[in-house]
Amino acid sequence: MSPMEQTRFAYGEALLELGQERSDIVVLDADLYNSTRTVLFGKAFPERFLDLGIAEADMVSTGAGLAASGLVAFCNSFAMFLTGRCYDQIRIQVAYPSLNVKLAGSSAGLTQGPDGASHQSLEDVALMRILPHMTVLVPADDVETKQATKAAAAHQGPVYLRLGRYPTPTISPEGYQFQIGKGVELRPGRDIAIIACGIMVAKALEAAELLAKQGLQARVINMASVKPLDRALVEQAGREAKLVVTAEEHSIIGGLGSAVAEVLAEGNYAPLWRIGTRDEFGQSASADELLDHYGLTGPKVAAQIAAAWAKLG
Amino acid sequence: MHYHPESLIVDISARAQMARIQVLKMIYAGQTGHLGGALSCAEILAALFFHHLRLDPQRPDWPDRDRLLFSKGHACAMLYTMMAYRGYFPVEELMSFRRLDSRLQGHPDRLKLPGIEVAAGPLGHGVAIGAGMCLAAKMDPRARAKPSAFAAPSAQASPWKVYTVLGDGELNAGVIWEGVMTAAKYRLGNLTAIVDYNGIQQTGATADVMPTEPIADKWAAFNWHVQEIDGHNVGEILGALDRADEVHARPSVIIARTTKGKGVSYMEYDHRWHGAPPNQAQYEQALAELEEGLKPWQK
């Protein structure tokens, strides 16, 4: 297996490269730059780096002001603070005027770990996905994170980029080119289609291996572009497989599972099973303990899929 | 500080009063809109649009224009009227205010109407977004070309200035004070906040809803340059704007003491006219009083 990396580290490196490539990139942080990894950019380009303290809403509005003046503003904090504390600012000052503000939500999901429910964002994708003009990207590994960060900078309009601190293997194929609005098949399979994003892509691949041993062939699709969703690929999966499964480190309400359900409900497609957290908050524990407890490890994902398959009859 | 001839002061005062009449007509015709806070900021906006701001209505996206942020977005009938008077769009379009497919939304929309710098509606955004625009000016290559431009912002040029118009009720919002701290931290001498301090918010007197006094001391404690003026006296407004521009090492605030519902006797100091349109009899009385108020400026 390839070396494990946290997507926030790849993001920090990509941001530094962007700073070297483009003079119009500005980075804002809210007293978390060591954790969000914007420290690399801040050290290299202090004249384009702003630390606004523990004032996330102020950071987002300031970013909007910079973007309205022609710059590309990357606003950084933990995913829950960024999307939850600043919803008003994001809605009115970023999404509504469609400004070039890029929101990078770090330490997202359950794997934020022992800090507990207050710091674990299980609702951020839902919050960002329903905003008009907003693009939502949940990259799966270091390679895709770098590319998604560059794509976010190049994209005209607001982007939410979801990043994590859980070490995850590189699963992007050689020569992979991330594109906003496109999903990618990582493994073929005729019985089941697993559509996953973020760290759950690696877990889905692990689950597919386990299912293969039981004689079930699972296709695995990485859907880093949660919005715009690759509708054609979801429809194809819904036509060709007998069961579609979504897997995300997020509530099954409002995230990738909901996005896929919205497509499949509008046609004659295979039934859907959504894997994620239910209607619940997280809790304190290690990342791996939490993934196991909430059913998000490879074996737990495989077991849930096998159970859903058995119900098809 | 510049000399402002009496003719200029009369001209701006007359425009402010004419705009009050226009705003009354718009809100009466549509039976929707916020009169009280629009009437209180007429002179402030007239002084900005007709004298102080560096702008070109034919080029609303001119990169070096001064930015006017209208943070108290609910009072935008007055903003739209000043923009139309200044030539951003035809005056006739004002009567489309708050109607289907209009560019003149109930609260300003940056994408729909060229010249609108920021969306507003939820209150409290105007200082932080203004700080962002001031920071962008300081990051502009022309500003950065000066030695250690970012480290010593006091001496550097800013290609444009930012003026943000706030309500006093809006100062209830904590995020205002986050922006106030940011502007002080980065010593944004190119930022001026103007508080339309009319003392009334939707449900009552600001002093009762959420006391903000001593307001000048608060801004001063946050390291802002503070001026207090009569917000209906055009001479004082123009002088305060000039003095604010001369402060380079820190941001400036002008506390403009105003009267909510200014010019209409039964609306003044009455929070019930924050968001209610007048009926026909009320409209006719208001129109008569505002037209009477125009006469001193037309002699």
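If you tally non-hydrogen atom pairs under 4.5 Å between each of His107(B), Met181(B), Glu117(B), His125(B) and chain A, the highest count goes to His125(B). Interface check for chain A: of the options Asp109(B), Leu69(B), Ile176(B), the most heavy-atom pairs under 4.5 Å are formed by Asp109(B).
Within residues 62-86 of chain A, the residues having any heavy atom closer than 4.5 Å to a heavy atom of chain B are Thr62(A), Ala64(A), Gly65(A), Leu66(A), Ala68(A), Ser69(A), Leu71(A), listed by residue number.
Taking the six-membered ring for Trp and the full ring otherwise, Phe45(A) and Phe41(A) have centroids separated by under 6.0 Å.
A donor-acceptor pair shorter than 3.5 Å cannot be found between the side chains of Asn190(B) and His248(B). A donor-acceptor contact under 3.5 angstrom links the side chains of Gln201(B) and Asn172(B), judged on distance only. Side-chain contact annotation: Arg8(A) with Ser106(A), donor-acceptor N/O pair under 3.5 Å absent. With hydrogens and angles left out, the side-chain atoms of Thr212(B) and Tyr197(B) include a donor and acceptor closer than 3.5 Å. Side chain to side chain, Thr36(A) and Asp29(A) meet the donor-acceptor criterion of an N or O pair below 3.5 Å.
Neither the backbone nor the side chain of Val60(A) comes within contact range of chain B; no heavy atoms are under 4.5 Å apart. At a 4.5 Å heavy-atom cutoff, the contact between Leu99(A) and chain B is made by side-chain atoms alone.
With sequence neighbours left out, the ring-ring contact (aromatic ring centres under 6.0 Å, His included) criterion links Tyr163(B) to His52(B).
Checking side-chain atoms of Gln227(B) against main-chain N and O of Val253(B) turns up no donor-acceptor pair under 3.5 Å.
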